[in-house]
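Written below as structure tokens is the structure these notes are about.
For clarity, every value in this text was computed on a predicted model and none was experimentally measured.
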Amino acid sequence: LLYDNGTTGDLVKNDTGGTITYDASTTSATATISTPLTNDGTLTVNTGTLDTNAGGSFASSGTNGSGTGTLELGGGTFSGTGQTFANLTVNNSIFDGTGTTTIGQFSLQSSATWSGNATVGGATFGTATLSGSGTRTIPSGDSAVVSAGDVLGETGGFTLLNDGTLTVGSSTNHSDIAITGASTLE
């Protein structure tokens with residue numbers, strides 16, 4: 001969809017009041033933004049997956065990944081302050097948030113790292129790391145899964161607070177949760 005032509009300083013910026021909408025023809029379709037993205041406006045994924053794979057930032061005043069599709073942070077380093085995402089996948093990238101991020105459906109996969117407070121409903125964790133201080137909460141009535149055969153690392157003194165249901169692995173294939181650096185699974 002959008003890509004960096006090899007020059008430095010390229011940026012896609014969605015200003016306050018602006019809207020970026022992705023409407024795929026099928027739920028399996030993916031569009032990619034391969035240049036850094038700054039979202040201060042509304043970013044809507046109605047169908048399919050919008051993959052942002054060059055890092056960027058999300059403002060608390062913006063609306064990020066609303067709609068029934070998935071916003072994927074597919075590469076690079078992302079930052080944000082107290083934002084909300086409807087459906088978010090973090091894959092091979094780093095998210096360093098401040099404030100509390102609220103996520104409806106959340107997937108942390110493939111060597112991804114999440115740092116900062118978050119409240120998540122319907123989470124899936126692959127081989128990934130939750131790091132840094134802060135609390136990630138699975139609310140009452142919601143669930144999270146550490147996928148079969150994967151490892152969820154916890155490091156840097158953070159807390160994974162399970163007020164809902166946390167499933168680790170399956171009856172035929174185990175998973176691991178590695179807790180280090182004075183972190184807590186509660």
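Interatomic distance, Thr124 OG1 to Leu152 CG, rounded to the nearest 0.5 Å: 11.5 Å. Taking OG from Ser183 and CG from Leu130, the interatomic distance works out to 8.5 Å, rounded to the nearest 0.5 Å. Annotation: the span from Phe95 atom CZ to Ile103 atom CD1 amounts to 7.0 Å, rounded to 0.5 Å. Summarising the geometry, atom CG belonging to Asp142 is positioned 10.5 Å from atom CG belonging to Asn162; distances are rounded to the nearest 0.5 Å. We find the CG-OG1 distance between Leu50 and Thr44 to be 10.0 Å, quoted to the nearest 0.5 Å. Note: Leu185 CG to Leu166 CG = 6.0 Å, rounded to the nearest 0.5 Å.
With hydrophobic clusters built from ILVMFWY side chains whose heavy atoms lie under 4.5 angstrom apart, Leu11 does not share a cluster with Ile33. Hydrophobic clustering (side-chain heavy atoms under 4.5 Å, transitive across Ile, Leu, Val, Met, Phe, Trp, Tyr) keeps Ile179 apart from Leu161.
When all heavy atoms of Ala128 and Gln109 are compared, the closest pair comes out as CB-N, 4.3 Å. When all heavy atoms are compared, the tightest approach of Ala24 to Ala29 is CB-CB, 3.6 Å. Looking at every heavy atom in both residues, Thr70 comes nearest to Thr89 through CG2-OG1, 3.5 Å. The two residues Phe125 and Ala144 make their nearest non-hydrogen contact at CE1-CB, 3.9 Å. Between Ser93 and Gly76, the shortest heavy-atom contact is CB-O, 3.1 Å. What you find for Ala59 and Asp40 is that their closest heavy atoms are CB-OD1, 3.0 Å.
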Take Leu108 and Leu88, measure what side-chain contact (heavy atoms from CB on, under 4.5 Å) needs, and give me the verdict at the end.
CA-CA 8 Å; Leu108 191 65; Leu88 179 67; over 6 Å; no
Chi angles and distances behind the side-chain contact (heavy atoms from CB on, under 4.5 Å) call for Thr42, Ile20
CA-CA 6 Å; Thr42 299; Ile20 295 174; over 6 Å; no
Full working for side-chain contact (heavy atoms from CB on, under 4.5 Å) between Leu43 and Thr21:
CA-CA 6 Å; Leu43 180 59; Thr21 301; over 6 Å; no
Hey, mind stepping through Asp163 and Thr137 against side-chain contact (heavy atoms from CB on, under 4.5 Å) and telling me if it holds?
CA-CA 7 Å; Asp163 288 336; Thr137 304; 4.1 Å; yes
Report the C-alpha distance between Thr26 and Ser28 in whole Å, list the side-chain angles of each, state the deciding distance to 0.1 Å, and finish with yes or no for side chain to side chain donor-acceptor pair (under 3.5 Å).
CA-CA 5 Å; Thr26 67; Ser28 62; 3.3 Å; yes
Would you sort out whether Glu186 and Thr184 count as a side chain to side chain donor-acceptor pair (under 3.5 Å), showing the intermediate values?
CA-CA 6 Å; Glu186 185 176 319; Thr184 304; 6.0 Å; no
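Phe85 and Phe58 have perpendicular rings, their planes meeting at more than 60° on a 0 to 90° scale where under 30° would count as parallel. Taking the six-membered ring for Trp and thresholds of 30 and 60 degrees, Trp114 and Phe106 have ring planes more than 60 degrees apart, a perpendicular arrangement.
Put simply, the side chain of Val168 reaches to within 4.5 Å of the side chain of Ile177, judged on heavy atoms. A 4.5 Å side-chain heavy-atom check between Thr119 and Thr101 finds every atom pair outside the cut-off.
Remark: side-chain polar atoms of Thr52 are paired, donor with acceptor, to backbone N or O of Glu72 under 3.5 angstrom. Asn117 places no side-chain N or O within 3.5 Å of a backbone atom of Arg136 that could act as its donor or acceptor partner. In this structure, the side chain of Thr68 engages the main chain of Asn46 through a donor-acceptor pair within 3.5 Å.
Side-chain atoms of Asn53 and Ser34 include a donor-acceptor pair closer than 3.5 Å.
Put simply, the residue from Asp51, Asn91, Val90, Ile94 that forms a side chain to side chain contact (heavy atoms under 4.5 Å, CB included) with Leu73 is Val90.
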